[in-house]
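Below: one structure in structure tokens.
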Amino acid sequence: MSAPAITPVVVRLKLSLLRNGLRQSGGRKAAYIASAVVALLFAALQLIGLIALRGFDHVESLVVLLVAVLGLGWAVMPLFFPGGDETLDPTRLVMLPLRPRPLVRALLAASLVGIGPLFTVSLLAGSVIAVAHGGAAFAVGVLAVPLALLVCVALARAVAAANVRLLTSRKGRDLAVLSGLVIAVGAQLVNFGAQRLGSSGLEQLAPAADVLRWLPPASALGAVHSAGEGSYGVAAAQLALTASALAVLLVVWSRTLTRLMTSPDGSTLPAGDTTVRERGTSGPARLLPPGRTGTAMERTLRYVWRDPKTKAAWVTSLAVGLIVPVFNAWQGTGSVYFACFAAGMLGIQMYNQFGQDTSAFWMVAMTISSPRDAYVELRARALALLLITLPYAALVTVLTTAMLGDWARLPETLGLSFALLGAMLATGAWTSARFPYSIPQEGYKNVAPGQTGLAWISIFGGMLTAAVLCAPVIGLTIWLNVSEAGDGRLWLLLPVGAVYGAGLALGGLRLAAPLTARRLPEILTAVSKG
């Protein structure tokens, strides 16, 4: 008697997991429905846009690049969103009597259920319509769409299976949190690419497309274009290359599943040496001031290095703060004043200082018994931020100035950056005490449910106030640039901005200290909700 097919069972399991997940809460169901509507709407607009591009010169270069980026997205998304699909972890089936080959077929079929595959089919179908000319091209397109889809899905599964131990560990969750960096940097790269295409046309993509049309899954779309041009041998080779890539991915996936199902993991191995070694302060930490100031500074810097969400926020701010001014300068359309963006992005890290402590803030709260204690704590946190933000803001300003060749404006730009940084430290310290909110440790949310309004008031209200506080330096900069009396005196804006920013920071810390000491119970309650 032959064993029953497991493919329908696994597909039904995928549907059950999706349905039961949506039943957990109304918020999750609303979020899923909203994301599905947005994704499907974008897919429909994308399909219409690709169809509208039919007949344009070099459209084949665009669709080949789009499919290549799509394949890259399928490859990396499991690394950043491992919790998005419970069936990505095949080790949950390790106790069942399943062979790798039938399991591969079942999981591949289950992977075709969801918004992602539907979005992919829409893009692939629109790409085929955009580049296909003639019956042969459309016939090849009928084969190219499912082949490219299966390559994308198999690639995602193979990558997920090869890294499943990482994805289910703490380091994997840390990696997932860093997805914000990929999104932020990717958005800037897309913006830069769109501006380049708008000024130069699609022919700029031809050199890259000539290479990518031979790399799966983009080779499937290359086959459609080759068939439309009458190059049937080339089209057959590109289709064969795509099919071969699918076969290789399935073999790699099957072997990885076999290894996962038969090899022990860390939970079944004997514990290693757990001897605790005494460790004193060493390295750069020796350079920090003694007492509470140095201790609080070191704690803040350790959060930046070790806490996943704090690290993600810092890395994203560092990346975006550099990309925006440098990319604009690279295109020749930027201004040296864009360098202030770096100070602004890093200054945001002063907001919600106590929220990053979460429920552990009670240990800090126990050491604060007076406004003086609160002032020392806030000052130490601000100094820890300045260790990174001051040299970084100066570096970005110098780099932007060098790329634009506008060295005469370097002093005033640095002065504006320092003034803005001081203003954000001041408002960040005050809003941290007045509008604290919790940061959930699990998942991808940065604000606990019910505290979104507090987060908006804290961040955007503080940023608006910081801009107002910088008005005197901004006004002085404008006056020195437009008046004849300002000739040769623009260099004064550097010391003026630095002193003004330092004064704002100290004043803000002084105002926030008694508020922090007075509102300790409220702060502790707010930051512990996640």
Side-chain angles (χ1 to χ4, degrees), residues 277-307 310-311 313-315 317-318 342-343 345-358 360-395 414 417-433 436 462 466 494-495 497-520 523-524 527:
R277 294 178 175 86
E278 293 294 330
R279 216 167 34 122
T281 302
S282 60
R286 293 181 179 274
L287 303 177
L288 298 177
R292 177 175 185 140
T293 299
T295 302
M297 290 179 66
E298 184 176 0
R299 183 194 338 116
T300 299
L301 294 173
R302 286 185 184 274
Y303 277 143
V304 175
W305 182 251
R306 294 183 176 181
D307 181 66
T310 305
K311 182 192 299 184
W314 270 94
V315 173
S317 295
L318 289 169
M345 287 297 299
L346 296 179
I348 294 176
Q349 304 308 317
M350 187 64 188
Y351 291 80
N352 196 35
Q353 272 294 301
F354 308 125
Q356 68 181 3
D357 296 358
T358 61
F361 178 68
W362 72 269
M363 301 178 67
V364 178
M366 289 180 64
T367 66
I368 298 177
S369 58
S370 66
R372 174 62 185 175
D373 294 334
Y375 174 74
V376 174
E377 176 70 25
L378 288 170
R379 184 186 62 186
R381 294 179 183 235
L383 288 174
L385 267 63
L386 287 174
L387 286 178
I388 303 173
T389 54
L390 272 180
Y392 184 80
L395 175 63
L414 277 175
S417 294
F418 294 156
L420 176 62
L421 184 57
M424 297 194 75
L425 290 178
T427 55
W430 191 84
T431 58
S432 293
L494 175 55
V499 172
Y500 184 76
L504 286 179
L506 290 174
L509 294 174
R510 293 286 184 186
L511 290 174
L515 182 65
T516 302
R518 187 170 62 251
R519 299 192 75 250
L520 274 179
I523 296 173
L524 182 57
V527 303

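Predicted, not measured: the structure shown is a model, and the values here were computed from it. For the numbers below, each heavy atom of this structure counts, side chains included, while hydrogens, waters and symmetry mates do not.
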Inset, instruction - Heavy atoms only: give me the nearest Thr310-Tyr303 pair and the separation to one decimal. - result: CB-O, 3.5 Å

Legend entry - Nearest atoms (heavy-atom pairs only) where Ser417 meets Ala343: O-CB, 3.6 Å

Legend entry - Smallest separation among heavy atoms of Met350 and Leu509, with atom names: CE-CD2, 4.4 Å

Inset, instruction - Report yes if some heavy atom in the side chain of Phe418 is under 4.5 Å from a heavy atom in the side chain of Val499; otherwise report no. - result: no

Legend entry - Leu421 and Leu386, any side-chain heavy atoms less than 4.5 Å apart: yes

Legend entry - Single hit among Met424, Gln353, Met297 for side chain to side chain contact (heavy atoms under 4.5 Å, CB included) with Leu385: Gln353

Legend entry - Gap separating the CE atom of Met345 from the CH2 atom of Trp314, nearest 0.5 angstrom: 11.0 Å

Legend entry - Heavy-atom check, side chain of Leu288 versus side chain of Leu387, under 4.5 Å: yes

Inset, instruction - Measure the spacing between CD of Gln349 and CG of Leu318 and express it to the nearest 0.5 Å. - result: 8.0 Å

Legend entry - Flag for Arg381-Ser432: side-chain donor and acceptor within less than 3.5 Å: no

Inset, instruction - Indicate yes or no for a side-chain donor-acceptor contact from Thr367 to the backbone of Val364 under 3.5 Å, with no hydrogens or angles considered. - result: yes

Inset, instruction - Taking the side chain as every heavy atom from C-beta outward, state whether Trp362 and Val527 have any atom pair closer than 4.5 Å. - result: no

Inset, instruction - Supply the atom-to-atom distance Leu420 CG to Leu425 CG, rounded to the nearest 0.5 angstrom. - result: 9.5 Å

Legend entry - Reported CG-to-CG distance for the pair Leu395 and Leu390, which is rounded to 0.5 angstrom: 12.5 Å

Inset, instruction - Give the C-alpha distance, both sets of side-chain angles, the deciding distance and a yes or no for side-chain contact (heavy atoms from CB on, under 4.5 Å) between Asp373 and Arg292. - result: CA-CA 9 Å; Asp373 294 334; Arg292 177 175 185 140; 4.1 Å; yes

Legend entry - Trp430 and Leu378: CA distance, side-chain angles, deciding distance, side-chain contact (heavy atoms from CB on, under 4.5 Å) verdict: CA-CA 10 Å; Trp430 191 84; Leu378 288 170; over 6 Å; no

Inset, instruction - Please examine the side chains of Glu377 and Arg299, heavy atoms only from C-beta on, and report whether any two atoms are closer than 4.5 Å. - result: yes

Inset, instruction - Output the distance between atom CZ (Phe354) and atom CD (Gln356), rounded to the nearest 0.5 Å. - result: 9.5 Å

Inset, instruction - Check whether any side-chain heavy atom of Glu298 sits under 4.5 Å from a side-chain heavy atom of Thr295, and report yes or no. - result: no

Legend entry - Distance-minimising heavy-atom pair for Ala517 and Ala374: N-CB, 4.2 Å

Legend entry - Sequence-distant partners of Tyr375, ring-ring contact (aromatic ring centres under 6.0 Å, His included), two or more places apart: none

Inset, instruction - Specify the closest pair of heavy atoms between Ala429 and Gly508, including all atoms of both residues, with the distance to one decimal. - result: CB-O, 4.5 Å

Legend entry - Residue pair Trp305 / Lys311: nearest heavy atoms and the distance that separates them: O-CE, 2.8 Å

